Amino acid sequence: MSLVYNFDIDTITDVLKILAGNIQKRRLEKGLSRNALSEISGIPAATIAKFEQKHSISLASYVALAKALGYTREIKELLSRPLYNTMEELDRINKNKERKRGMRNEARK
């Protein structure tokens, strides 16, 4: 499915860099060292350092860090609301709200 408009110019790397920077900012605002955040979250300090420097982490580790910093609600709200780009897409979203499985690509055509 192609979008009618897409003004999103951020790459995946750009987004990961922002997420890593945000974790680091929140950690520093709370006056936590990587070792202290490691103790609170259960995530190794080396993993935290790798994420902050190279922007690479598993989803489970990211969620553990966010939770340790007090952002459980924000993580749970991620992707909680549908987004649409056309009225046709909004209609399709509203019709499919209770679907348990996606359609195969062939069935969409």
Side-chain angles (χ1 to χ4, degrees):
M1 167 176 57
S2 63
L3 301 176
V4 175
Y5 301 107
N6 186 357
F7 298 106
D8 184 2
I9 58 172
D10 291 323
T11 65
I12 293 171
T13 302
D14 294 335
V15 174
L16 289 170
K17 191 179 221 180
I18 290 167
L19 292 174
N22 288 344
I23 287 284
Q24 184 177 34
K25 285 178 199 172
R26 302 298 81 87
R27 174 179 68 77
L28 294 173
E29 286 170 353
K30 292 181 180 278
L32 297 172
S33 66
R34 289 176 182 150
N35 287 334
L37 182 56
S38 174
E39 288 180 28
I40 296 167
S41 67
I43 303 303
T47 300
I48 298 169
K50 181 180 176 186
F51 181 49
E52 290 180 356
Q53 295 166 0
K54 296 186 179 181
H55 321 119
S56 177
I57 197 167
S58 73
L59 178 59
S61 294
Y62 182 81
V63 170
L65 293 176
K67 185 176 184 286
L69 291 168
Y71 289 87
T72 303
R73 182 175 47 85
E74 289 79 2
I75 289 293
K76 289 172 24 179
E77 288 178 2
L78 187 64
L79 300 175
S80 64
R81 293 180 310 274
L83 297 178
Y84 59 92
N85 294 299
T86 65
M87 289 306 292
E88 178 184 283
E89 188 177 15
L90 176 61
D91 287 341
R92 188 171 44 251
I93 287 169
N94 286 331
K95 287 177 187 173
N96 291 331
K97 283 200 178 211
E98 301 302 319
R99 284 188 64 84
K100 303 286 186 225
R101 295 174 44 172
M103 297 184 306
R104 290 187 173 179
N105 286 339
E106 304 85 45
R108 291 183 189 169
K109 294 179 182 175

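Here the structure is a predicted model, which is why all the values come from computation and not from measurement.
A pairwise comparison of heavy atoms in Ala36 and Leu32 identifies CB-CD2, 4.0 Å as the closest pair.
By the rule that hydrophobic residues join a cluster once side-chain heavy atoms approach within less than 4.5 Å of another member, Val63 and Ile18 end up as members of separate clusters. At a threshold of 4.5 Å between side-chain heavy atoms, the hydrophobic network of Ile, Leu, Val, Met, Phe, Trp and Tyr places Leu19 and Leu59 in one connected group. Under a hydrophobic-cluster definition in which Ile, Leu, Val, Met, Phe, Trp and Tyr are linked whenever side-chain heavy atoms come within less than 4.5 Å, directly or via other members, Leu65 and Val15 are assigned to the same cluster.
Between the side chain of Arg34 and the backbone N or O of Ala45 there is no donor-acceptor pair closer than 3.5 Å. Judged purely by atom type and a 3.5 angstrom limit, Ser38 uses its side chain to pair as donor or acceptor with the backbone of Ile43.
Residue Glu52 holds its CD atom at 4.0 Å from CD of Gln24, rounded to the nearest 0.5 Å. The structure places CG of Leu69 at 6.5 Å from NZ of Lys30, a figure rounded to the nearest 0.5 Å. A distance of 8.0 Å separates CG of Asn35 from CD1 of Ile48, quoted to the nearest 0.5 Å. Atoms CD and CG, from Glu29 and Asn22 in turn, are 9.5 Å apart once rounded to the nearest 0.5 Å.
When the side-chain hydrogen bond (donor to acceptor under 3.5 Å, both in side chains) test is applied to Ser58, the partners found at least two apart in sequence or on another chain are Ser61. Ser80 meets the side-chain hydrogen bond (donor to acceptor under 3.5 Å, both in side chains) test with no other residue; sequence neighbours excluded. Remark: Gln53 pairs with no residue by the side-chain hydrogen bond (donor to acceptor under 3.5 Å, both in side chains) rule, at least two apart or across chains.
Contact of the Tyr62 side chain with the Ile23 side chain is registered, since non-hydrogen atoms from C-beta on lie closer than 4.5 Å.
Under a cut-off of 6.0 angstrom, the local environment of CG in Leu28 is crowded, with over 12 non-hydrogen atoms contributed by other residues, nucleotides or ligands.
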